[in-house]
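If you read the sequence from its start, that first residue is 1, and numbering goes on from there. Quick caveat: nothing in here was measured; it's all calculated off a predicted structure. Computed over heavy atoms, backbone and side chain alike; hydrogens, waters and symmetry mates excluded.
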Amino acid sequence: MGRPSQPLLSRESIARTALELLEELGPQALTMRALAQRLGVRGASLYHHVASKDDLLDAALERINEDIDLGPLDDPRWREGIATYARGYRRVYLRHPHMIALVARRRVEADKALRGYDALIAALVRAGCTPAGAAEVAAALDYLVLGSALETFTAGFTRTPDGYRPAHPSLAAALEEAAAEPSGLPGLDDRGFETGLALLLDGLAARIQQGGPA
């Protein structure tokens, strides 16, 4: 049997290639024409699988959501489960930081994304949150995870700590001590995320223990 003259296309293969193009060249490079060229097909072929650029972004988001593990949210130790889920969620978006800006204000329609939010809110309610409180915590967790995947705090400071003295002594001292940590300055972004996650979960645990509306 002869080989097909063109690569076999599917919604998933198109989404995967779109993500590769996006992360290699940035959001401005993600066009239907560039995607067709990368796949080695005519542009019209794409429209049998994705209806528009908007639909393409939905497909790419679906592909990303497939990699987010919801299993930890079933952990009866709610704090450990939510922390593990949040770390996994962040790892996925660290691989696709350019996607964050494209989807940050989009509607949530992908089934896996909706199931993820449903599972997170259910876990928070089991932990002792009200449904309204669970929605607030889910939003806060989104801000922490996606913000930390999009922004790098560390890369903003390109001088040595001494380079910030004497005009910014507190910053210089903080960077100096941060550099002395086992993971050094390169690990500051991860440590900052872990600090934010711990503070969020500490605050939530305190509210639940106090018996007030969490």
Side-chain angles (χ1 to χ4, degrees), residues 16-30 60-61 63-75 77-105 113 116-117 119-120 123-124 127 136-208:
R16 186 170 55 248
T17 303
L19 288 170
E20 292 170 359
L21 188 63
L22 178 66
E23 299 313 327
E24 286 175 21
L25 301 176
Q28 72 284 347
L30 184 57
L61 192 55
R63 172 86 273 297
I64 289 174
N65 283 323
E66 286 298 323
D67 291 337
I68 299 174
D69 184 8
L70 305 182
L73 294 173
D74 293 327
D75 193 327
R77 302 165 302 167
W78 68 265
R79 182 178 178 126
E80 289 82 352
I82 291 171
T84 301
Y85 160 76
R87 292 180 187 117
Y89 181 6
R90 178 173 179 258
R91 280 195 299 272
V92 169
Y93 272 96
L94 281 171
R95 297 198 297 269
H96 305 289
H98 289 304
M99 194 65 181
I100 298 172
L102 294 178
V103 304
R105 295 186 178 274
Y117 284 114
L120 174 58
L124 289 165
E136 292 172 3
V137 175
L141 197 64
D142 252 15
Y143 304 148
L144 176 63
V145 168
L146 296 179
S148 69
L150 179 63
E151 180 187 5
T152 168
F153 179 86
T154 309
F157 303 101
T158 57
R159 309 178 208 169
T160 65
D162 282 341
Y164 293 100
R165 293 189 182 97
H168 311 287
S170 295
L171 174 62
L175 292 174
E176 190 168 58
E177 291 201 12
E181 291 292 318
S183 57
L185 281 178
L188 183 55
D189 285 336
D190 289 339
R191 300 198 304 272
F193 168 75
E194 289 293 334
T195 296
L197 181 61
L199 290 171
L200 176 62
L201 296 176
D202 285 347
L204 177 57
R207 291 172 67 177
I208 291 172

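Comment: Asp75 does not engage Arg79 in a salt bridge, judged by the lack of any side-chain N to carboxylate O separation of less than 4.0 angstrom. The existence of a salt bridge linking Asp190 and Arg90 is confirmed by a sub-4.0 Å separation between a basic side-chain nitrogen and an acidic carboxylate oxygen.
Of the residues listed (Asp74, Leu70, Asp69, Val145), the one engaging Tyr85 in a side chain to side chain contact (heavy atoms under 4.5 Å, CB included) is Leu70, and it is the only one.
Considering every non-hydrogen atom in both Pro97 and Leu150, the closest pair reads O-CD1, 3.7 Å.
Counting only heavy atoms from C-beta outward, the side chains of Val137 and Ile82 never approach each other to under 4.5 Å.
Atoms OH and CG, from Tyr117 and Leu141 in turn, are 9.0 Å apart once rounded to the nearest 0.5 Å. Once rounded to the nearest 0.5 Å, the distance linking CE of Met99 with CG of Leu146 reads 11.5 Å.
Remark: Glu177 CD is loosely packed, at most 12 non-hydrogen atoms of other residues, nucleotides or ligands lying under 6.0 Å away.
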Quiz item: Going through the checks in order, is the side-chain contact (heavy atoms from CB on, under 4.5 Å) test met by Leu94 and Phe193?
Solution: CA-CA 12 Å; Leu94 281 171; Phe193 168 75; over 6 Å; no
Quiz item: Between Phe157 and Leu171, is a side-chain contact (heavy atoms from CB on, under 4.5 Å) present by the stated rule, with each step listed?
Solution: CA-CA 10 Å; Phe157 303 101; Leu171 174 62; 3.8 Å; yes
Quiz item: How far apart are the C-alpha atoms of Tyr143 and Leu200, what are their side-chain angles, what is the distance that settles it, and do they pass the side-chain contact (heavy atoms from CB on, under 4.5 Å) test?
Solution: CA-CA 11 Å; Tyr143 304 148; Leu200 176 62; over 6 Å; no
Exercise. Evaluate side-chain contact (heavy atoms from CB on, under 4.5 Å) for Arg165 paired with Glu176, printing each intermediate quantity in order.
Key: CA-CA 11 Å; Arg165 293 189 182 97; Glu176 190 168 58; 2.9 Å; yes
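Side-chain atoms of Arg191 come within 3.5 Å of backbone atoms of Ala178 as a donor-acceptor pair (strictly under, hydrogens ignored). Between the side chain of Asp189 and the backbone N or O of Thr154, at least one donor-acceptor pair lies under 3.5 Å.
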